[in-house]
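First comes the structure, then the notes that go with it.
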Amino acid sequence: MKKSTDGPFAIATAGRDDLSALFSLYEQLAPDNTPLDPGLAEERLAAFHALAGSGLFVGHLGDTLVTTCALAVIPNLTRGGRPYGLIENVVTHQDYRGLGYGHRILCHAVEHAWQQGCYKVMLLTGSQKPETHAFYRKVGFEASKTGCQIRRFAPRDG
């Protein structure tokens, strides 16, 4: 059941106070994910914030964290030295999907990448769901390259 869209929606950079709600969202992304212990989670969040130009963005509807995505800005020695962006861990709470919050946070991340001088922004999805692909196309992403990966651990289903 969809939740109310009442209240102000705001996008910010994740802070320590967001970690518990982030782990709840990540359970919807990967139900078999093991949450980090609080000390390690704070350490990883600080390390993420130390990546120049990068951002772990969260979207709050009032006091409720409803969406998130991570943008890593990666230095580059080609393209005139302009960096590129990589988006990962895109998730919107299942009760708030289809209401535009995921679209807004992705657009925010892409705009942030452009402000950092990125020449492109990439993301990969393991989802085979047509609605997920349509969602990314609506934001402006196109399936124009072949993605390859190697994993140390088996991929999740979905």
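Please read all numbers here as calculations on a predicted model, not as lab measurements.
- Qualifying side-chain contact (heavy atoms from CB on, under 4.5 Å) partners for Leu51, counting only residues two or more places apart in sequence or in other chains: Phe48, Ser54.
- Looking at residues two or more places apart in sequence or on another chain, you find a side-chain contact (heavy atoms from CB on, under 4.5 Å) between Glu142 and Ser144.
- Contacts of Asn76 classified as side chain to side chain donor-acceptor pair (under 3.5 Å), with partners at least two apart in sequence or in another chain: Thr78.
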Residue pair Gln28, Arg97: steps toward the side chain to side chain contact (heavy atoms under 4.5 Å, CB included) verdict: CA-CA 12 Å; Gln28 293 180 22; Arg97 292 180 187 158; 3.5 Å; yes
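- Residues that satisfy the side chain to side chain donor-acceptor pair (under 3.5 Å) test with Thr132, not counting sequence neighbours, are Ser127.
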Atom pairs and distances, side-chain donor-acceptor, residues 9-22, under 3.5 Å, sequence neighbours left out:
residue, atom, partner, partner atom, Å
Arg16, NE, Glu42, OE1, 3.4
Arg16, NE, Glu42, OE2, 3.4
Asp18, OD1, His60, NE2, 3.0
Asp18, OD2, Gly15, N, 2.9

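- Considering only residues two or more places apart in sequence or on other chains, Thr146 meets the side chain to side chain donor-acceptor pair (under 3.5 Å) condition with none of them.
- Each of Leu71, Thr67, Val90, Leu106 was scored for a side chain to side chain contact (heavy atoms under 4.5 Å, CB included) with Phe57, with one residue passing: Leu71.
- Applying the under-4.5 Å side-chain rule to Ile, Leu, Val, Met, Phe, Trp and Tyr, the cluster around Ile150 consists of that residue alone.
- Distance alone, capped at 3.5 Å, is enough to place a donor-acceptor pair between the His112 side chain and the Gly53 backbone.
- Surrounding CZ of Arg82 are more than 12 heavy atoms belonging to other residues, nucleotides or ligands, all under 6.0 Å away.
- The minimum heavy-atom distance between Asp37 and Leu40, with the atom names listed, is OD1-N, 3.0 Å.
- Every residue was checked against the side-chain contact (heavy atoms from CB on, under 4.5 Å) condition with Glu88, not counting sequence neighbours, and none meets it.
- Nearest heavy-atom pair across Pro83 and Gly117 is CD-O, 3.6 Å.
- Thr68 pairs by the side chain to side chain donor-acceptor pair (under 3.5 Å) definition with nothing, not counting sequence neighbours.
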Test log, rule side chain to side chain contact (heavy atoms under 4.5 Å, CB included), inputs Lys145 and Lys120: CA-CA 12 Å; Lys145 289 193 172 201; Lys120 71 177 176 181; 3.3 Å; yes
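- A perpendicular orientation is assigned to the rings of Phe23 and Tyr26, their planes being inclined by more than 60° (bins at 30° and 60°).
- A search for side-chain contact (heavy atoms from CB on, under 4.5 Å) contacts involving Leu77 returns nothing, not counting sequence neighbours.
- In terms of heavy atoms, Ile87 sits closest to Cys69 at CG2-CB, 4.4 Å.
- Other members of the hydrophobic cluster containing Leu86, listed by chain and number, are Ile74, Tyr84, Tyr119, Met122; membership follows side-chain contacts under 4.5 Å among ILVMFWY residues, whether direct or relayed.
- Closest non-hydrogen pair, Gly147 versus Leu124, comes out as CA-CD2, 4.1 Å.
- Sorted by first and then second residue, the ring-ring contact (aromatic ring centres under 6.0 Å, His included) pairs involving residues 122-141 (not counting sequence neighbours) form an empty list.
- Nearest heavy-atom pair, Cys118 versus Gly85, reported as atom, atom and distance to 0.1 Å: SG-N, 3.7 Å.
- For the atom pair Thr92 OG1 and Ile105 CD1, the distance stands at 7.5 Å (nearest 0.5 Å).
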